[in-house]
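Data first, discussion second: the structure below is written as structure tokens.
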Amino acid sequence: VIKPRGGTWRLRDFYEMLVVARGEASLAGAFPSLSDEGGFSVPRTKSGWEAMLRQGVAEPPLPFAALSAEQRAEAAAEMRFTLSCGSLSWRPSRAAGEAWDQHGWIKEMPNDPEFEKDTLQFVPFEERLVRLSARRHVEDHQLLAIFRVAAKLGHTVEQTVGFQVKRGCLVLDAGAKRGRFTTHKSVNTTFGAICAQASVAEGLGMLKDMELTQRRGMTSGRSSQARPMPALRAEALLALTAEASNQGELGDQKKQKTKSGVAKAKAEGEGEGT
């Protein structure tokens with residue numbers, strides 16, 4: 001699970017990752033996946049194909065040198081996005097029957113009319129995440145390389161499932177072969193705490209919009225039946241931030257001082273009475 005830089009996920013961000021990925025030896029020749037959810041397609045390496053042959057999962061079971069260009073393209077590994085969690089499908093415009101150019105995206109993608117569109121614009125800040133899943137036997141060094149690419153561009157890997165990265169090496173879970181996967185978080189805080197400051201800004205912005213609507217008298221139904229909107233306090237929209245926490249502590253201190261002052265005055269009154 002990746003947290004995109006600034007919570008923004010555009011076709012431009014995907015393009016930048018593809019360009020930087022081609023600079024990695026393990027991801028050389030990477031191109032956009034043609035799947036519905038989109039993602040990265042990475043050419044199969046010789047060592048990776050030989051490992052697949054040993055495991056009996058290579059199709060066709062031929063030596064790497066004997067594979068045709070089409071067979072090598074079909075054997076490419078994929079790291080796909082997830083539907084409703086960062087999916088970003090892109091396909092080149094080509095005439096019917098025209099061959100798919102794996103390098104044509106370099107010039108064509110920046111001309112897409114939705115190149116700058118933020119696909120996570122209407123998603124809550126804490127849910128602006130991109131989920132990648134490994135498909136078609138992704139090699140370990142390829143997975144580590146995509147992590148490096150994300151870090152170079154300011155994206156953050158929030159968590160992994162079934163493996164973790166230790167000292168630059170990929171370590172599989174002990175129970176992965178038995179289908180038991182563990183979730184590993186790279187940060188010790190929840191997504192809600194991460195987005196707290198942004199929640200404050202969004203909440204105050206919403207309050208201003210509601211106050212503006214009230215002043216303009218924008219209501220539904222007949223004007224004779226319109227009723228004023230209830231006043232909302234900004235405090236009700238504050239998230240649990242350091243500022244809000246400090247304000248709460250100051251309020252508690254004031255309450256304690258008030259209670260101690262009342263108790264002291266009451267004691268003095270009783271002393272005078274005796």
Side-chain angles (χ1 to χ4, degrees), residues 1-18 20-21 32-41 78-91 109 112-135 138 143-144 146-165 173 181-210 213 232-245 247-248:
V1 178
I2 297 175
K3 183 76 172 179
R5 182 185 63 231
T8 302
W9 186 239
R10 306 160 297 178
L11 193 59
R12 169 184 285 277
D13 299 300
F14 179 33
Y15 180 82
E16 291 176 351
M17 288 194 70
L18 280 167
V20 176
S33 169
L34 298 181
S35 61
D36 292 336
E37 56 269 43
F40 305 86
S41 288
E78 287 190 336
M79 284 171 276
R80 296 183 185 177
F81 301 130
T82 305
L83 293 175
S84 302
C85 193
S87 59
L88 196 59
S89 180
W90 182 87
R91 297 186 181 185
M109 189 179 289
D112 192 290
E114 296 188 347
F115 189 65
E116 299 289 350
K117 180 182 178 181
D118 184 8
T119 60
L120 301 179
Q121 180 180 2
F122 301 107
V123 177
F125 190 83
E126 69 272 22
E127 297 178 13
R128 295 178 189 176
L129 304 169
V130 178
R131 188 173 186 269
L132 277 173
S133 59
R135 303 290 185 92
V138 176
L143 197 56
L144 289 171
I146 205 70
F147 281 14
R148 292 194 296 269
V149 170
K152 288 179 181 178
L153 294 172
H155 308 305
T156 307
V157 177
E158 295 288 345
Q159 66 182 36
T160 59
V161 179
F163 69 95
Q164 55 184 320
V165 179
D173 291 344
F181 302 106
T182 304
T183 299
H184 304 278
K185 293 185 178 181
S186 59
V187 291
N188 295 323
T189 184
T190 62
F191 294 134
I194 294 174
C195 74
Q197 295 292 344
S199 298
V200 172
E202 292 177 357
L204 295 176
M206 183 177 65
L207 178 65
K208 292 179 180 179
D209 292 340
M210 295 180 70
T213 301
L232 296 179
R233 295 181 303 165
E235 291 80 4
L237 299 175
L238 287 177
L240 293 176
T241 60
E243 181 180 358
S245 178
Q247 291 176 356

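What you see below is based on every heavy atom in this structure, not just the backbone, and it leaves out hydrogens, waters and symmetry mates.
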**Whether R80 side chain and E37 backbone form a donor-acceptor pair below 3.5 Å** = no
Heavy-atom pair with the smallest gap, counting every atom of [X] and [Y]:
{"X": "W90", "Y": "L11", "answer": "CD1-CD2, 3.8 Å"}
{"X": "L129", "Y": "P4", "answer": "CA-CD, 4.1 Å"}
{"X": "S89", "Y": "S35", "answer": "OG-O, 3.4 Å"}
{"X": "S41", "Y": "S33", "answer": "OG-CA, 3.4 Å"}
{"X": "M17", "Y": "V149", "answer": "O-CG1, 3.6 Å"}
{"X": "P32", "Y": "L18", "answer": "CG-CD1, 3.7 Å"}

**Asked** Side chains of E16 and H155: closer than 4.5 Å at any heavy-atom pair?
**Response** no
**Message:** In the structure I gave you, are the side-chain heavy atoms of V165 and L144 within less than 4.5 Å of one another anywhere?
**Reply:** yes
**Message:** I'd like to check the ring pair (Phe, Tyr, Trp, His ring centres under 6.0 Å) partners of F147; sequence neighbours left out, ordered by chain and number.
**Reply:** none
**Request:** For D112 and R91, run salt bridge (Lys or Arg N to Asp or Glu O under 4.0 Å): C-alpha distance rounded to whole Å, both residues' side-chain angles, the deciding distance at 0.1 Å, then the answer.
**Result:** CA-CA 10 Å; D112 192 290; R91 297 186 181 185; over 6 Å; no
Roughly how far, to the nearest 0.5 Å, is [atom2] of [Y] from [atom1] of [X]?
{"X": "L132", "Y": "I2", "atom1": "CG", "atom2": "CD1", "result": "4.5 Å"}
{"X": "F14", "Y": "F81", "atom1": "CZ", "atom2": "CZ", "result": "4.5 Å"}
{"X": "E127", "Y": "K3", "atom1": "CD", "atom2": "NZ", "result": "9.0 Å"}

With a 3.5 Å cut-off and sequence neighbours excluded, list the donor-acceptor pairs that the side chains of residues 116-124 form with protein atoms.
unit_1, atom_1, unit_2, atom_2, d
E116, OE1, R10, NH1, 3.3
E116, OE1, R12, NE, 3.3
E116, OE2, R12, NE, 2.6
E116, OE2, R12, NH2, 2.6
D118, OD1, W9, N, 3.1
D118, OD1, L120, N, 3.1
T119, OG1, W9, O, 2.8

**Prompt:** Quick check: are there more than 12 heavy atoms from other residues, nucleotides or ligands sitting under 6.0 Å from CZ of R148?
**Reply:** yes
